Protein chains: 4
Amino acid sequence: MRDLEARDRILAATLKMLGELGYTRLTIGGIAIEAGVGKATIYRSWPNKAALTLDAVRTQLPDIPVDDVGDSRQEVFAVADTLAALYGSPKVRLVLPALVSDAAADPELGRRLREELIQDRKRQSATVLQRAVDRGHMPKDTDISTVLDMWAGLMLFRSLFFDLTFDDRAIRNLVAATLDSPPRVTEGPEAD
Amino acid sequence: MRDLEARDRILAATLKMLGELGYTRLTIGGIAIEAGVGKATIYRSWPNKAALTLDAVRTQLPDIPVDDVGDSRQEVFAVADTLAALYGSPKVRLVLPALVSDAAADPELGRRLREELIQDRKRQSATVLQRAVDRGHMPKDTDISTVLDMWAGLMLFRSLFFDLTFDDRAIRNLVAATLDSPPRVTEGPEAD
Amino acid sequence: MRDLEARDRILAATLKMLGELGYTRLTIGGIAIEAGVGKATIYRSWPNKAALTLDAVRTQLPDIPVDDVGDSRQEVFAVADTLAALYGSPKVRLVLPALVSDAAADPELGRRLREELIQDRKRQSATVLQRAVDRGHMPKDTDISTVLDMWAGLMLFRSLFFDLTFDDRAIRNLVAATLDSPPRVTEGPEAD
Amino acid sequence: MRDLEARDRILAATLKMLGELGYTRLTIGGIAIEAGVGKATIYRSWPNKAALTLDAVRTQLPDIPVDDVGDSRQEVFAVADTLAALYGSPKVRLVLPALVSDAAADPELGRRLREELIQDRKRQSATVLQRAVDRGHMPKDTDISTVLDMWAGLMLFRSLFFDLTFDDRAIRNLVAATLDSPPRVTEGPEAD
DNA sequence: AAGTAAACGAGACGGTACGTCGTGTCTTCCG
DNA sequence: CGGAAGACACGACGTACCGTCTCGTTTACTT
């Protein structure tokens with residue numbers, strides 16, 4: 001770990017200690033020692049623990065597979081698999097609630113959280129679903145945003161409150177049911 | 001506020017300061033002063049800020065309407081309305097993520113959170129949906145647990161990440177869509 | 001200990017715990033439990049820990065032998081022995097400094113300390129020395145007050161700072177030297 | 001007071017508040033505020049109130065004049081004057097009993113108290129008296145340790161219990177009497 | 001003998017200080 | 001001369017006692 005740049009050592013130390021201690025018992029001082037770095041070096045790059053943790057965890061998260069492989073069914077399953085891995089990941093379970101909580105008093109953190117963690121991936125997922133709609137695999141009036149929020153919400157909810165993650169079969173059922181009869185766009189309110 | 005029992009003064013002060021400061025800036029010492037109480041009096045009844053806040057917020061949450069009013073459609077809409085009020089309430093948005101975060105290092109808190117906040121209401125909601133199934137308003141193989149987690153997940157997800165709560169029309173759409181074609185029980189894993 | 005009056009149980013518990021814990025770690029609550037008594041019962045009889053401890057220790061202290069046994073030499077030795085036992089006693093070593101310290105902010109305690117512990121015994125001792133003067137065993141202008149303060153001061157000083165108490169031989173030397181050539185009354189300031 | 005190092009600000013604040021409040025009402029938190037310092041900064045240098053107060057008071061105490069001025073009578077008077085100033089000083093009266101009391105449960109404090117406050121000055125005083133003996137101003141078998149303990153004990157005793165300090169005349173009498181006929185070394189036990 | 005009041009044990013209470021820990025800033029000093 | 005090391009002001013933590021107070025219960029006195 002000695003040869004890495006300070007920034008990488010800090011992020012690595014953050015992830016290591018996050019796993020060992022959880023978010024609450026994580027301390028900037030502890031990370032500095034673990035990374036062999038002065039505290040000031042950390043504060044030069046991040047304003048607080050939340051921002052640092054956000055960056056550290058972000059590096060660990062899978063990207064949504066958006067490539068066109070010709071088969072929309074296959075593409076949508078891949079997206080759902082990735083979302084399940086994302087919202088079911090131990091790191092997310094440890095960190096996301098804490099960041100959401102801190103974001104209540106830190107608008108910039110809230111913005112980054114929504115934009116860089118959630119929206120970014122939601123937009124990518126949406127392109128895949130839109131392609132499915134375009135190809136006629138889903139109804140023209142499918143409410144893509146609601147489909148994605150419902151999937152994410154269900155996965156996160158079960159991960160947080162029931163320690164359950166989605167296995168292949170559960171994902172297959174969920175996606176299959178949604179493809180069959182997804183929520184439709186109505187004149188009701190629409191997210192995002 | 002002077003004549004109330006200490007316990008009630010503490011819970012009231014907790015809710016008041018929670019609204020003013022948010023969870024992170026909430027302090028036991030501050031609550032003690034606001035409630036006109038010694039810190040030790042708080043610690044005599046609650047082991048930490050999380051447990052206190054859980055109790056304080058719990059008193060504010062609506063109960064699920066489980067009464068049989070003859071019309072399952074109406075009953076289910078009432079349940080969904082209440083769930084939306086629950087998961088969309090400002091107090092829950094402020095507190096739930098923090099409690100989930102703290103629960104990672106506090107099993108007893110986790111247990112109370114799941115049991116007293118989530119499961120309790122999920123069980124009550126399930127009785128109403130089960131009645132709808134029994135009456136033939138929903139398919140016999142409806143996966144009630146998934147329906148409820150999906151509703152709750154969607155509501156909570158939108159409340160936390162998009163500051164959106166569900167209005168009447170959105171609830172009506174969601175429930176209508178679900179009653180029409182709910183997720184079915186399969187041989188896949190089943191939550192709870 | 002059950003049948004004793006509350007007051008006696010309290011004093012006994014105080015002495016017991018004083019020996020076990022020292023003055024600083026002595027607590028009213030602890031004494032109350034040890035004595036099987038409510039705290040209020042203690043506060044009904046004593047205003048604070050210092051007053052209680054003063055009373056408790058006072059019961060343990062030897063009285064100055066003032067009886068006329070015909071032989072002043074013997075009487076003075078007896079007085080000196082008793083003073084040595086008094087100022088060298090472990091209880092006094094534990095308690096006297098603390099009481100003197102507390103007395104700085106508690107005039108009534110100071111008064112009782114001086115009057116009931118110190119002056120009382122000094123007066124009794126003085127009668128014996130005065131008798132020795134009257135009998136011609138000591139010079140007519142002997143400064144009795146200074147003799148007694150010097151003895152007490154020396155004994156207490158060595159007890160507090162050197163853990164030394166006076167044995168028979170040391171007392172014999174001290175008294176013999178003083179009888180031979182005691183400090184005399186001068187036009188200088190005179191204590192008490 | 002702003003430009004001084006933290007350590008000096010703390011010691012100054014301690015002395016100031018000691019004078020205003022006395023030892024018992026002195027608090028670490030209060031000193032920290034007065035010194036414009038965090039509590040942790042105090043605890044980094046001193047383990048408790050007693051150790052801090054000991055250091056603060058120690059800086060205020062006069063040193064024993066040990067210089068050889070040719071005239072032992074004059075030297076001894078100077079020593080006695082200084083001892084009287086030492087044991088009669090208001091700070092010592094406020095602090096010494098409390099420190100002695102705390103020392104019962106804090107061996108390290110006891111050691112420092114005896115060594116740095118008492119013994120140190122006793123040793124210096126002893127060199128002056130020894131010089132007087134060597135010069136023939138006092139008998140060869142003078143028990144110097146007892147002379148010094150007797151002086152200190154008398155001064156402290158009167159200071160603590162009678163609010164009396166020694167003025168020039170009293171010191172002159174005391175020293176003169178001792179020089180004439182001091183306590184002698186015997187085969188009895190000898191302090192220190 | 002029953003009724004009443006005082007004294008009592010138990011311990012909750014408001015409050016103050018404790019000693020520890022983490023934050024985010026600032027200084028020192030080493031490589 | 002840039003960065004590690006860590007001192008620093010600040011403020012919250014959770015604990016321990018203080019001295020006051022309210023509870024029931026027992027005890028002893030009155031009627």
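In what follows, chains are A, B, ... by sequence order, proteins preceding strands, each numbered from 1. This is a predicted model, so every value here is computed, not measured.
Of the possible polar contacts, none joining the D:R93 side chain to the D:L160 backbone as a donor-acceptor pair under 3.5 Å is found. Panel note: side chain A:T53, backbone A:K49; a donor-acceptor pair is recorded below 3.5 Å.
Here the P atom of nucleotide F:dC13 and the CG atom of B:D106 are 15 Å apart, to the nearest Å. Per the geometry, CD1 belonging to B:I31 stands 16 Å off C1' belonging to E:dG14, to the nearest Å. Distance, B:R7 CZ to E:dG14 C1': 19 Å, rounded to whole Å. Atom C1' of nucleotide E:dG22 and atom NZ of B:K49 are separated by 14 Å, given to the nearest angstrom. As a whole-Å value, the separation of C:Y43 OH from F:dG19 P is 4 Å. Rounded to a whole Å, the CD1 atom of C:I42 is 12 Å from the P atom of E:dA10. If you measure from atom CD of B:E5 to atom C1' of F:dT22, you get 11 Å, rounded to the nearest angstrom. Across the protein-nucleic acid pair, B:R9 atom CZ and E:dG15 atom P stand 9 Å apart, rounded to whole Å.
Of the listed nucleotides (F:dG19, F:dG14, F:dC17), F:dC17 has the atom at the smallest distance from the side chain of B:A40.
Between C:K39 and A:T41, the residue anchored nearer the 5' end of DNA chain F, judged by the nucleotide with its closest heavy atom, is A:T41. If A:G38 and C:T27 are placed on DNA chain F by their nearest nucleotide, the residue sitting closer to the 5' end is A:G38. Nearest-nucleotide positions on DNA chain E place C:I33 closer to the 5' end than the other of C:I33 and D:P47.
Ion pairing of B:D163 with A:R114 is present here, as a side-chain N (NZ or NE/NH1/NH2) and a carboxylate O approach within less than 4.0 Å. Of the charged side-chain nitrogens involved, at least one lies within less than 4.0 Å of a carboxylate oxygen, so that A:E116 and A:R112 count as a salt-bridged pair.
No contact: D:A32 has no heavy atom under 4.0 Å from any strand.
In this model, no donor atom of one side chain and acceptor atom of the other lie less than 3.5 Å apart for C:D102 and D:Y23.
The shortest distance between the side-chain N/O atoms of D:R44 and the OP1/OP2 oxygens of F:dC8 is below 4.0 Å.
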